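So the structure is just underneath, and the comments pick up after that.
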Number of protein chains: 2
Amino acid sequence: MKPPNTLANKSLADFKVGVDNVIFSVDTQLNRLLVLLIKRREEPFSNYWSLPGTLVRNGESLETAAYRILAEKISVNNLYLEQLYTFGSPEGDSPAAAESFGKRYLSVSYFALVRFEEAKLITERDYNITWYMIDKVPDLAFNHGQILAYGWRRLRNKVEYSPVAFEVLPELFTLNDLYQFYETILGKNFSDYSNFRNRLLKLGFLKDMGLKVSRGAGRPASLYRFDEKAFAPFKDQPLVFV
Amino acid sequence: MKPPNTLANKSLADFKVGVDNVIFSVDTQLNRLLVLLIKRREEPFSNYWSLPGTLVRNGESLETAAYRILAEKISVNNLYLEQLYTFGSPEGDSPAAAESFGKRYLSVSYFALVRFEEAKLITERDYNITWYMIDKVPDLAFNHGQILAYGWRRLRNKVEYSPVAFEVLPELFTLNDLYQFYETILGKNFSDYSNFRNRLLKLGFLKDMGLKVSRGAGRPASLYRFDEKAFAPFKDQPLVFV
DNA sequence: ACAAAAGTGTTCACGGTACACCCATGA
DNA sequence: TCATGGGTGTACCGTGAACACTTTTGT
């Protein structure tokens, strides 16, 4: 990043910076991977669905803006958030770009995973807001389809070698809960269930709490907790899960 | 990315956008991993070393700006380039930020790998420019130390599961060249040499050209070519190399 | 003939895969 | 007592790690 060069400044572009979030959640009951979409009520792309986004305000960092979007749309306590990618074609993709001469828009996208069960949607006037099943998402406004695809890929990768799952699962969970979680993100039969069990238990960062929970018929399941300290050696090591 | 909302625009931040490049190259002769640094001659951080960067101009995309930096500093034909991360703390990290009231700077960083042998440095008036050995890099201007660390991590990851090496190695290379390349990036003894050979050859995307090259004493080595088509099945598959 | 570098082969142990099987509970 | 889901055990195969060995050149 260079300091302003007063001589050459004339040709430099001025930007407004937008932040767009790809917010995922996993409905473990119905085995559904969901993404949060908002129906636009303004031109351009009026009546199209879009990713929740905002423009960055004075005194606000990118990440703060990303959290603000979240807070404005849903209320959650448990979440994971990271930066995805920055899109910035010259003279934006929107027809409105022409009228705002010399103003460019740049979009920094973030990827978030939230706990579905506790996420309450905040409905605003003029906005429709919904969890969309990932495989039912329609054409989106702007380049949001591209961003979503990118975020989805990142989610799948992330889940394989990082313990994001535990940021979003309840404190105590059964091994089956965990398996379901991976299954809905990575697809059915991503791994044999019993091998999944054995591998994870052998790694030793899942602590058996000695509690049982019974869900309808069948033998009751043990509840486990994720032990952050015991996981430490597996940081930066590929393919821990799956 | 939202369209301009004329009512609320007052509180929105205006940005200049900088692009900073982490440009790596591998000196296979001396087994050195190098990064391109530039000595600043202006405040702030005058006389500090920094990553090559620029501010984005009107009508220029982020990626174009990244390529422009490269073209201004070195001349290369073979390179790999991808976006790294976007930094954008409010009211920048530089002392100069205060004087430019209301202007914010945002830095989009790119990561590049170029072929060392063909990269010619373009010396400019007022600038010192050098290839620095990665483990000898001094404190850098702004947050460039952080960006470099980030880029270095990305380089190591990238190299393990993607064929970037072949973007930067000569058309024809020996298996030892390839091994050296990985060794200087991932560290000595990242793998047993003969196992490295066997694994890569078994995968079948290295074609033996039937040519031999002799380098001083010892048995002459076969020259290989990277076969892009034969590599296709290994796309999106983790840990092909190493 | 010897050193140096390229290339081949062999052994061993571990870990993933695919199953079959046992256990505890509700209905 | 049967169905349902939880949990354990085992046999096999592939593959990676370690290392010894052979081949071809320069000097």
Side-chain angles (χ1 to χ4, degrees), chain A residues 28-31 159-161 169-170 172-184 186-225 233-234 237-242, chain B residues 28-31 159-161 169-170 172-184 186-225 233-234 237-242:
Chain A
T28 33
Q29 304 300 308
L30 299 172
N31 274 321
V159 129
E160 288 181 358
Y161 60 83
L169 283 173
L172 298 179
F173 51 87
T174 70
L175 279 174
N176 210 23
D177 290 339
L178 190 60
Y179 185 72
Q180 303 281 350
F181 181 90
Y182 280 98
E183 218 179 21
T184 71
L186 300 174
K188 286 241 178 270
N189 304 38
F190 76 99
S191 164
D192 180 88
Y193 175 60
S194 76
N195 293 330
F196 177 81
R197 282 182 56 87
N198 292 331
R199 186 161 16 80
L200 283 183
L201 289 178
K202 182 144 55 147
L203 292 172
F205 52 75
L206 297 182
K207 296 296 178 208
D208 189 332
M209 295 283 91
L211 300 169
K212 302 281 183 184
V213 62
S214 199
R215 289 174 185 161
R219 179 175 173 173
S222 291
L223 287 171
Y224 289 85
R225 206 176 53 71
F234 302 99
Q237 195 181 308
L239 288 187
V240 174
F241 311 91
V242 173
Chain B
T28 33
Q29 304 299 309
L30 299 172
N31 273 321
V159 129
E160 289 182 357
Y161 61 84
L169 284 172
L172 297 179
F173 51 88
T174 69
L175 279 174
N176 210 25
D177 291 338
L178 190 59
Y179 184 73
Q180 304 281 351
F181 182 89
Y182 281 98
E183 219 179 19
T184 71
L186 301 174
K188 286 240 179 270
N189 303 39
F190 77 99
S191 163
D192 179 88
Y193 175 60
S194 74
N195 292 331
F196 177 82
R197 282 181 56 86
N198 291 331
R199 188 161 14 82
L200 283 183
L201 289 178
K202 183 146 52 150
L203 292 172
F205 52 75
L206 296 182
K207 296 295 177 209
D208 189 332
M209 296 282 90
L211 301 169
K212 302 282 185 184
V213 61
S214 200
R215 290 174 185 161
R219 179 173 174 175
S222 292
L223 287 171
Y224 290 85
R225 208 176 50 73
F234 302 100
Q237 196 180 307
L239 288 185
V240 173
F241 311 90
V242 172

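So you know, we letter chains A, B, ... as the sequences are listed, proteins then strands, and number each from 1. What you are looking at is a predicted structure, and each value in this text was computed from that prediction instead of being measured.
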Rounded to whole angstroms, how far apart are NZ on B/Lys212 and P on D/dT23?
-> 14 Å
Do the side-chain N or O atoms of B/Arg197 get closer than 4.0 angstrom to the phosphate oxygens (OP1, OP2) of C/dT8?
-> yes
Reading nucleotides 18-27 of chain C from the 5' end, what letters show protein touch, with B for base, S for backbone sugar-phosphate only, - for no heavy atom under 4.0 Å?
-> BB---BBBS-
Atom CG of A/Leu200 to atom P of D/dT8: distance rounded to whole Å?
-> 13 Å
Over how many whole Å does the gap from B/Leu201 atom CG to D/dG16 atom P extend?
-> 14 Å
Rounded to the nearest angstrom, tell me the gap between atom CG in B/Leu175 and atom C1' in C/dG7.
-> 9 Å
A/Phe196 CZ to D/dG6 C1', in whole Å, measures 14 Å
How long is the line joining CD of A/Glu183 and P of D/dG5, in whole Å?
-> 13 Å
For B/Leu211 and C/dA6, what is the distance between atoms CG and P respectively, to the nearest whole Å?
-> 16 Å
Start with the C-alpha distance between B/Leu172 and B/Val213, add both sets of side-chain angles, then the distance that settles side-chain contact (heavy atoms from CB on, under 4.5 Å), and finish with yes or no.
-> CA-CA 10 Å; B/Leu172 297 179; B/Val213 61; over 6 Å; no
Taking only N and O in the side chain of B/Ser222, is any of them less than 4.0 Å away from OP1 or OP2 of C/dG7?
-> yes
For the rings on B/Phe190 and B/Tyr179, is their centre-to-centre separation under 6.0 Å?
-> yes
With under 30° as parallel and over 60° as perpendicular, where do the rings of A/Phe205 and A/Phe241 fit, or are they tilted in between?
-> perpendicular
Report yes if the side chains of B/Tyr224 and B/Asp208 come closer than 4.5 Å at any heavy-atom pair, otherwise no.
-> yes
When the aromatic ring centroids of A/Phe173 and A/Phe181 are compared, is their separation below 6.0 Å?
-> no
For B/Tyr193 and C/dA6, give me the distance from atom OH to atom P, rounded to whole Å.
-> 5 Å
Polar side-chain atom of B/Asp177 near backbone of B/Thr174 as donor-acceptor pair, under 3.5 Å | yes
